[in-house]
Protein chains: 2
Amino acid sequence: MTTNKAGIRERRRHRGDNRVTIQDVAKQAGVAPITVSRVLNTPEKVSVKLRERVDHAVQALGYVPNLIAGGLASAGTRVIPVVVPSLSILTFIEVIHGIQETLEAAGYQVLLGSTDFDLDREAALMDSVLGYSPSGVILTGLQHRESAVRRLKAWGRPVVEIMELGDTCIDMCVGVQNAEAGACMANHLLERGYRRIAFLGAGMARDYRARQRFEGHRETLKSAGVECDLLFQCEEPSSYDAGRNVFLEALEKCPDLEAMHFANDNLAAGAIMEANRQGIRIPGDLAIGGYLGLSLGEHLSPRLTTVTVPRYEMGVEAARLLLARLEGRSSLSDQVDIGYELTVREST
Amino acid sequence: MTTNKAGIRERRRHRGDNRVTIQDVAKQAGVAPITVSRVLNTPEKVSVKLRERVDHAVQALGYVPNLIAGGLASAGTRVIPVVVPSLSILTFIEVIHGIQETLEAAGYQVLLGSTDFDLDREAALMDSVLGYSPSGVILTGLQHRESAVRRLKAWGRPVVEIMELGDTCIDMCVGVQNAEAGACMANHLLERGYRRIAFLGAGMARDYRARQRFEGHRETLKSAGVECDLLFQCEEPSSYDAGRNVFLEALEKCPDLEAMHFANDNLAAGAIMEANRQGIRIPGDLAIGGYLGLSLGEHLSPRLTTVTVPRYEMGVEAARLLLARLEGRSSLSDQVDIGYELTVREST
DNA sequence: CTGTTAGCGCCTTCAT
DNA sequence: ATGAAGGCGCTAACAG
């Protein structure tokens, strides 16, 4: 035997890292480390007297808890990975914003991940972030690799899926009925009397939620007896540019169109701005509808008719569901339909 | 004495968490845990034979390393907190995007934090995220609470400040010379022959970088002998709405303005769209200049003249600086001026 | 190249 | 209400 614990001397720490530890605080306050821990985590279990002494020491030494150590010991680091398809799409940003503000206020941190719409990357990312012993996870959509779903289900901590609704959700979800939303705009266009209606999208090969909206749109036209199954799209992701491009393409191939239903407001905005340039009158010559409810839509001329989805609120709600579970409160429901609203403005 | 280590039996783990551990893999492969660790982290230090056996076991068991444990043991968690003032400002989002893609590709994760432009919140956030033993930190601007600066300097790991340039930077920084950029647009307006020029901003009380641009603008006018010190602003943060509002206010108070220099493209866009609505001709009746280079600017009528700042690239560069340091490569410089470019379009 | 030993800093369990 | 002991899962340091 070399040294028993009594003999272990004030070893200089492994590494140069000389941060103040709970031990230092304990010594300073003349208590055991566990007491410091209690003062920090469950103050009600410590007498006022000790609590004050410890608080003092914490202040004096500038102690900041090592959350990694805490996480290892208690299996759970107040970190919530949020995994979205892309950070260049405003929608996800707005949802993340809602999530982040809500979680941060509750003392949790958001770990950001993006998958570029690739389910394999998503699965790999899941594996990697679960290595951080997060308290919960938020991911996008209901479609995932089988392996990821299995792992997440076995994991046993709260999981929230956003943007979509359905019974196949892993644990909880917050989103909208995409097909319904698509049908909603289609209906509106029909009610306005338009018949030659096209759906225009971008990057739909990867964005299956846009495809769901298209399906809703198509079904609606069909049930209305309108023989119009026009779809224009481009490969590239959504942008004003992409919007202009599909707009021009549709116009060329189908000059007699009466209305265009865009997969989102970015595209619709690009189209309206190009229409202005070309002197095409909206909605006189052509009606334009969007999806999302970006603030830009209110400022365009004409103002954009759209299906507004409360993105920020969706994020807030997702975070709330997660927090409810983490704090042991049971939420009213595990699936919340955040809804959408037809915002009729000038462009239709 | 109760049990020495030989006697410690296959205790069921503390908690329900029955994830596969490095021990399980080691047992399965018939090696010591450290060998598994080496195969995963420094494979070149392990013989091919053992490496294969271990890889096999990892696969078979579906082992995913616990990064928290690894982080505790090696003091460093491949997490990089990125702290920005706001997630509702597109600029920061674009920078974060660049950071995130670059770091994720290198196996690091971004931990998101926002301060709402409050330096106290920033300092508190710093404390809290440093608790995750991050590998490095990225924060916004050069102005921070004294306490935060001290802690970060003592911390000894790479710190990158973005959006701004200056000698007072904590460690490394990537950004633009805001005053110069402001001067650049002012000069352009002067060259175009405009003399009654106003600067218009939003939320400038909090956004001191916008104030720096205004200073650059003001100095430029002054040196040119133009007696025109007009500043219009509103409290609320930047948005199309805010842009429209200050635009209208300026127009009312100062109907003879020849040019407006907006603190950013969001405001400028709001102004242009309102001008279109009111039939005010740009640049015939009034010239408008912006700052940032948002893609929206290219689509407006008229197209927006602006000072373009490569935001995404700034993020990429910030991440690169950090990675260079982390991987022991020395970067060419600790301060990189990402530059800006005057993009002359139709609005001036 | 491989293994042994001893923590990383905190918290859980159990005793007092 | 407080403390002692031990472990969370992994890796640095030091043998061999």
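Only a predicted model underlies this, so the values are computations on that prediction, with no experimental measurement involved. Below, chain A is the first sequence line, B the second, and so on; all start at residue 1.
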Validation row: A:Ser114, B:Gln100 side chains within 4.5 angstrom (heavy atoms): yes
Rounded interatomic separation in angstrom, taking CD1 from A:Ile22 and P from D:dA4: 14 Å
Interatomic distance where CZ belongs to A:Arg53 and C1' belongs to D:dG3 [whole Å]: 14 Å
Salt-bridge criterion met for B:Arg325 and B:Asp171 (N-O under 4.0 Å): yes
Euclidean distance, atom CD of residue B:Gln23 to atom C1' of C:dT5 [Å, nearest integer]: 13 Å
Side-chain heavy atoms of A:Leu50 within contact of A:Thr35, under 4.5 Å: yes
Lys/Arg-Asp/Glu bridge criterion (N-O < 4.0 Å) met for B:Arg78, B:Glu104: no
Any B:Tyr63 side-chain N or O less than 4.0 Å from OP1/OP2 of D:dC10: yes
Rounded interatomic separation in angstrom, taking CD1 from B:Ile68 and C1' from D:dC10: 12 Å
Spacing between A:Asn66 atom CG and C:dG7 atom P, to the nearest angstrom: 18 Å
Heavy-atom check, side chain of B:Val54 versus side chain of B:Val31, under 4.5 Å: yes
A:Asp24 CG to C:dG9 P, straight-line distance once rounded to whole Å: 9 Å
Between D:dG9 (P) and B:Lys27 (NZ): distance, integer Å: 12 Å
All ring pair (Phe, Tyr, Trp, His ring centres under 6.0 Å) counterparts of B:His144, not counting sequence neighbours: none
A:Val79, A:Leu130, A:Ile80 screened by side-chain contact (heavy atoms from CB on, under 4.5 Å) with A:Val137, the one that passes: A:Leu130
Nucleotide of C:dG9, C:dC11, D:dG9 approaching B:Ala69 most closely (side-chain heavy atoms): D:dG9
Minimum-distance nucleotide (side-chain atoms of B:Val31 versus C:dC10, C:dG3, D:dG9): C:dG3
Interface residues of residues 32-51 of chain B with DNA chain C (non-hydrogen, below 4.0 angstrom): B:Ala32, B:Ile34, B:Thr35, B:Arg38, B:Glu44, B:Lys45, B:Val46, B:Ser47, B:Leu50
side-chain N/O A:Tyr132 vs D:dG9 OP1/OP2, d < 4.0 Å: no
